[in-house]
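A note on names: the letters A, B, ... follow the listed sequences, proteins ahead of strands, and every chain is numbered from 1. Since we're looking at a predicted model, the values are computed, not measured.
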Amino acid sequence: MIISMDLELKDIPGQLVHALIPLSDFGANIMSVLHHHDQPTPSGSIPVQVIFELKNGRLKDIITELEKNDIRVVTVGKKRLYEEVTVILIGHIVHNDMSDTIDQIDNTGFAEVVSISISMPGINEQSSASLVINAEDKNKLIEAMNILKTVAEKKNLLVIEPIENSFE
Amino acid sequence: MKTIRLSIIGFGAVGQGVARVLRNKRDYLVHLGINLLVVAVTDSHGACIDPDGLDLRAVLQRKKESGTVATSNASSLDVIKNTDHDLVIEATPTDIETGEPGLTHIIESFKHGRHVVTSNKGPLALQYKQLYNEAKKHGVIFRFEATVGGAMPILNLAHDALAGNRIISIEGILNGTCNYILSRMTEESLSYKHVLGEAQDLGIAESDPTYDVEGIDTACKLVILANAIFEMDVMYGDVEVTGITKITSEALSLANVENNVIRLIGEVQDGNKRIMRVAPRLIPKQHPLAVGGTLNVALLKTDTAGPICISGKGAGSMETASAILSDIIVICHKNT
């Protein structure tokens, strides 16, 4: 699970370390820290936004520990669907029950179709669509893609997937 | 100075390219300590043979003027069996159904103790294991750089330059015709049919383009990579193949909005997750695989060197001859 947390720290040295140690102690993988030193709150504390990945669910422990350290936890936001893929479909997409194609992904509970752009050049001609699918993690995304491929094969739609390897 | 006697079997675009390259590079080869004597050239009409070495300029001229090199009606197989030489350049056209006549030419060459360099994909895509074993059995060298990626030295890169690395996967664009069609469709927002016609006019696509556009050619090359680099022992039928005939210009525009292009990608991966697939794929525009025009490209994932990417001209008479020449030189060096 990806969590975004807004904290407020006192404007004295060493506060950021106090804020980050509980996170790493409870197994969070810190992805980004934004320290808004130039935007103090009216009470003079410094807003900090932290984004981290947490797999063990010990969020409550983290919050308790932060508060013990005198750090104010202002908001906690969870981003449930983190992985994203864009694919292209070609074929008679609309006439092959498009809502069913989407439902098959959405009904999994772990993945959703979040955006569709369709181009329909003419009646009886094949349409093309760009689909964005979000899922909880990489494995769930692969599972969702496999569902899409099975549905597409039944409906005689061509699925164009992205390549896997980036040049890194 | 080492003298190597060779034959050129098949004298179409590739065979003629080899003859031209050997003429152009004569001094260079002598500098390397190699004296190449072409003792026979054959085409579908017959052969010309000279144990002291043919004048390649005259052979090329005769082919141009009369449509054949033949001065005798000896067949390619007669030459392979009966003319004394060390190395056979097998440059007949690919037949993916039977592998012939290349398959018989290569096996007979081995049986007569002759090394073989080929540009013919058919025999390799159908009978790799048999050819590998026959060459080994007869103690001769078999090389086929020209079968995959034209001038792009992919087999030699994996075997020699990257020696010591485990190749984890290879993905790439191995068919210039498909790449030309998809690039033009993207750039000009034209339909598949229109661009195919244009490619046929330019001689980039064959009058029957099935072999290229249905992904068959890419699949054959993938089989050669799978067998030669990953030692997989697979055949054409083992590849999952989707071609480019269904790609619409609308799909390319939708990809473009997201900063992607669509290209026909061949992908081979060994290990737990064995993959052999040819399919149109989305590629980010800034990715090194997103090359345009008739270019070929390959991305090799290795365990030690990381990713290595090469690109080059995948077809053409001189480009293919370049790959054949590199194989000839390797054999000459190994043979001394």
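For NZ of B:Lys129, the number of neighbouring non-hydrogen atoms (other residues, nucleotides, ligands) closer than 6.0 Å is 12 at most. Around CD of A:Gln39, the count of heavy atoms belonging to other residues, nucleotides or ligands within 6.0 Å exceeds 12. More than 12 heavy atoms of other residues, nucleotides or ligands shown are found within 6.0 angstrom of CG on A:Asp38. Counting non-hydrogen atoms of other residues, nucleotides and ligands closer than 6.0 Å to CE of B:Met318 gives a total above 12. Surrounding CD of A:Glu153 are at most 12 heavy atoms belonging to other residues, nucleotides or ligands under 6.0 Å away. In the displayed structure, B:Glu206 atom CD is contacted under 6.0 Å by at most 12 heavy atoms of other residues, nucleotides or ligands. By the neighbour-count criterion of 12 heavy atoms within 6.0 Å, atom CD of B:Glu188 is densely surrounded, having more than that number from other residues, nucleotides or ligands. Sparse packing is recorded around NZ of B:Lys313, with 12 or fewer heavy atoms of other residues, nucleotides or ligands lying under 6.0 Å away.
Counting only heavy atoms from C-beta outward, the side chains of B:Leu289 and A:Ile163 approach each other to under 4.5 Å. Between A:Leu158 and B:Ile247, the closest side-chain pair of non-hydrogen atoms falls below 4.5 Å.
Closest of all the heavy-atom pairs between A:Pro162 and B:Arg281 is O-NH2, 3.2 Å. Taking every heavy atom of both residues into account, A:Ile90 and B:Ala251 meet most closely at CD1-CB, 3.6 Å.
Expressed to the nearest 0.5 Å, how far CG of B:Leu254 lies from OG of A:Ser127 amounts to 10.5 Å. Distance check: B:Asn260 CG to A:Thr86 OG1 gives 7.0 Å after rounding to the nearest 0.5 Å. For the atom pair A:Ile160 CD1 and B:Arg263 CZ, the distance stands at 12.0 Å (nearest 0.5 Å).
Within the 4.5 angstrom heavy-atom criterion, atoms from both the backbone and the side chain of B:Ala255 approach chain A. Residue B:Glu250 touches chain A through both its backbone and its side chain, counting heavy-atom pairs closer than 4.5 Å. Looking at A:Val132, neither its backbone nor its side chain comes within 4.5 Å of chain B, counting heavy atoms on both sides. Within the 4.5 angstrom heavy-atom criterion, no atom of B:Ser253 approaches chain A.
With respect to B:Arg277 and A:Glu161, a salt bridge is recorded, a charged nitrogen being found less than 4.0 Å from a carboxylate O.
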Legend entry - Chi angles and distances behind the side-chain contact (heavy atoms from CB on, under 4.5 Å) call for B:Lys246, A:Leu157: CA-CA 10 Å; B:Lys246 275 187 161 184; A:Leu157 308 177; over 6 Å; no
